[in-house]
Each structure stands twice: as C-alpha cells, then as structure tokens.
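Have a look at the structure below before the remarks.
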Amino acid sequence: MHALTGHAAYDGSEDTGPKSPYSAALVEDLKAMRLAAVQGALLDKPQLALDLAAYTLAQVYGGPLDLRASDGKIQPSTATGFTPDPRLVNPADEEQGDNDEGDEKEDFAAFRSKGQKHRNTILTLALARSLKYGCTDFWSKSPDPLFDAIEGETKASVRKVWTPNAENFFNRVSGDYLDALLLELTGADPEGTGFKTFKKDKKGDKARQMERLFTDPEYQRAWHIDTEKKAIIDAWTPDCF
C-alpha cells in the first residue's frame, strides 16, 4: 500500500505534533469505502465469513461482525469515483419472502428447497454486509488489527472500489498536500519548471490536474509516468487509515 509520507502532513506553525491533512468527514468517507472494499472481497470467502460469525458469537463484548440486523456503513458523502460490489448495495437475492402472518412456514420450506448453495450465498451476503470498520477492543477507537487481517486475507483494496478525483478527495485536502503528493508520485524535480508552475496554481486547478494524473494517460505522459510509476499511482491510498 502506497501512502503519502511527505511534508504535506505537517504544519510548521504547530509545535504540539503533526497536524492531519485530512478532515474528519474525509476520513469517514475513506473508511466507509475501505469497508466496502473488504465487504465485497468477503463475499467471495464464505468460509471466512462463517468463521467470523462463529467467532463473533463467542465473544463477550461482540466481535468483528454486527449481527444485530444492521449493515456496516459503506456509503461515503459523495458517490463519485466509488463503485462497490453491486451485491452490497442491491441485495436483491436475499429473498426474504412476504412475511405475511401464516406464510412463514411455507416461505421457510421454499427457502430450504433451494439447497445449501443458495443458503450459503444468502448467509455470506448478510455476514459480509454486517462487517464493521472495527476497533481494537470494546473501549478503544484505535485501528483494528483483525480488520487489517481480514482485509489482507481477502486481498481487498479500497482502490478496487474507489478512484481519487477532484470532488471526492483532491479538493478536500490542502494545496501543500497536493504539491507533496505530486512530487511523490511523479518523482518530479522540485526546482523544475513543471512543478513550479503546478505549485503556483490555485488549489482547484491543482485538484483537477491531480485527477488527470490518476485518470488521463495523456496527462500522465506529460509527467513522464512510466509503467512503474503508473503502478504506484494505481495502488496509492491516503495514509489516514
């Protein structure tokens, strides 16, 4: 995972420690989309979903799944550049029946008649959608190593469901952050004409140019983005997780 490590995360006017370049709202959006990526990957790991369900039910204070018939939050404040697995947002295959009084027995019999494969598909979907962006323990708000492990085992990546663009990311961080990110991703000379021109631009213009750096092959060529650098751009994620 490639993340910004440059000076954009620091504010020289502060002497109490580094200041985050990310607003609380942006962090929540990024977490939601990271959760969507892991939930989508979990759909293809039914045995892992079942293991997580059993583990959750065995915990005194709960576990990694929210088994109270509620879904983990995966919708950011802006949907631009965000393409979660459609099964997560349109779970049409849940087939819960009409639930009218007197029909549950018939509905349940019809559900069972579809076999274990159908049952496991429905169960995996429900379990995946219940995965939370967890914490270390019941009281903590620290990053969750178990969530990280699930993300690793499922080979999930937020970049599989999200592409940074001006609206959903670049307009929501500072111009200094964008300067540092451009240098990191392009390897440009900070004393070169190209970077000096970029640095003088207004933040909105910088945001649109950064969007092109991530999406426009012609603009990438202008910054001499080779195969190796493109792979870094395609895998890049913010360092706020």
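Inter-residue side-chain proximity for Leu131 and Phe147 is flagged as met; some heavy-atom pair is nearer than 4.5 Å. Here the side chains of Leu52 and Leu127 are not in contact, with every heavy-atom distance at 4.5 Å or above. Within the 4.5 Å cutoff, no side-chain heavy atoms of Pro76 are placed close to those of Trp162. Considering only heavy atoms from C-beta on, Met210 comes within 4.5 Å of Leu181 through its side chain. Between His118 and Phe111, the closest side-chain pair of non-hydrogen atoms falls below 4.5 Å. Looking at heavy atoms from C-beta onward, Gln75 lies in side-chain contact with Phe82 at the 4.5 angstrom threshold.
Nearest heavy-atom pair across Leu30 and Pro238 is CD1-CG, 3.9 Å. For Gln220 against Leu213, the heavy-atom pair with the smallest separation is NE2-O, 2.8 Å. Of all the heavy atoms in Val158 and Arg34, the pair that sits closest is CG2-N, 3.6 Å. Nearest heavy-atom pair across Gly40 and Leu88 is N-CD1, 3.6 Å. The nearest pair of heavy atoms linking Asn168 to Arg172 is O-NH1, 3.4 Å. Scanning both residues, Gln209 and Tyr219, for their nearest heavy atoms gives OE1-OH, 2.9 Å.
Rounded to the nearest 0.5 angstrom, Ile232 CD1 and Thr227 OG1 are separated by 11.5 Å. Put simply, OG on Ser157 and CE on Met33 are 11.5 Å apart, with the number rounded to the nearest 0.5 Å. How far CG of Asp189 is from CG of Leu183: 9.0 Å, rounded to the nearest 0.5 Å. With rounding to the nearest 0.5 angstrom, the CG atom of Asn165 is 10.5 Å from the CZ atom of Phe169. How far CD of Glu153 is from CG of Asp148: 13.0 Å, rounded to the nearest 0.5 Å.
Qualifying salt bridge (charged side-chain N to carboxylate O under 4.0 Å, His left out) partners for Asp44, counting only residues two or more places apart in sequence or in other chains: Arg87. Shown here are the side chain to side chain donor-acceptor pair (under 3.5 Å) partners of Arg119, two or more places apart in sequence or in another chain: there are none. Legend: residues meeting side chain to side chain donor-acceptor pair (under 3.5 Å) with Arg159, ordered by chain and number and at least two apart, are absent. Evaluation of the side-chain contact (heavy atoms from CB on, under 4.5 Å) rule for Thr154 yields Val38, Ala41, Leu42, Lys45, Leu48, Ile150, Ala156 as partners, not counting sequence neighbours. Under the rule for a side-chain contact (heavy atoms from CB on, under 4.5 Å), the partners of Pro46 that lie at least two apart in sequence or sit in another chain are Thr124. Residues satisfying the side-chain contact (heavy atoms from CB on, under 4.5 Å) criterion with Asp234, sequence neighbours excluded, are Lys230. Residues forming a side-chain contact (heavy atoms from CB on, under 4.5 Å) with Ala32 (at least two apart in sequence, or on another chain): Lys73. A search for ring pair (Phe, Tyr, Trp, His ring centres under 6.0 Å) contacts involving Phe195 returns nothing, not counting sequence neighbours. A search for salt bridge (charged side-chain N to carboxylate O under 4.0 Å, His left out) contacts involving Lys196 returns Glu191, not counting sequence neighbours. The side chain to side chain donor-acceptor pair (under 3.5 Å) check on Ser77 picks up Asp29, with sequence neighbours excluded.
Applying the salt bridge (charged side-chain N to carboxylate O under 4.0 Å, His left out) test to residues at least two apart or on different chains, the pairs with a partner in residues 204-220 are Asp179-Lys206, Asp205-Arg208, Arg212-Asp216. Sorted by first and then second residue, the salt bridge (charged side-chain N to carboxylate O under 4.0 Å, His left out) pairs with a member in residues 219-228 form an empty list; sequence neighbours excluded.
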Candidate pair Leu50 and Gln47, rule side chain to side chain contact (heavy atoms under 4.5 Å, CB included), full reasoning: CA-CA 5 Å; Leu50 292 171; Gln47 294 304 316; 4.2 Å; yes
Can you check side chain to side chain contact (heavy atoms under 4.5 Å, CB included) on Lys31 and Leu35, steps first, answer last? CA-CA 6 Å; Lys31 285 182 176 180; Leu35 176 58; over 6 Å; no
Carefully, step by step, assess Leu26 and Val173 under the rule side chain to side chain contact (heavy atoms under 4.5 Å, CB included). CA-CA 9 Å; Leu26 176 56; Val173 293; 3.8 Å; yes
Give the intermediate values and the outcome of side chain to side chain donor-acceptor pair (under 3.5 Å) for residues Asp85 and Gln39. CA-CA 8 Å; Asp85 190 304; Gln39 284 189 1; over 6 Å; no
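Under the 6.0 Å cut-off for aromatic ring centres, Phe214 and Phe170 qualify, their centroids lying closer than that.
In this model, a donor atom of one side chain and an acceptor atom of the other lie less than 3.5 Å apart for Asp239 and Tyr22.
Judged by distance alone, with hydrogens and angles left aside, the side-chain atoms of Lys160 form a donor-acceptor pair with the main-chain N or O of Lys155 at under 3.5 Å.
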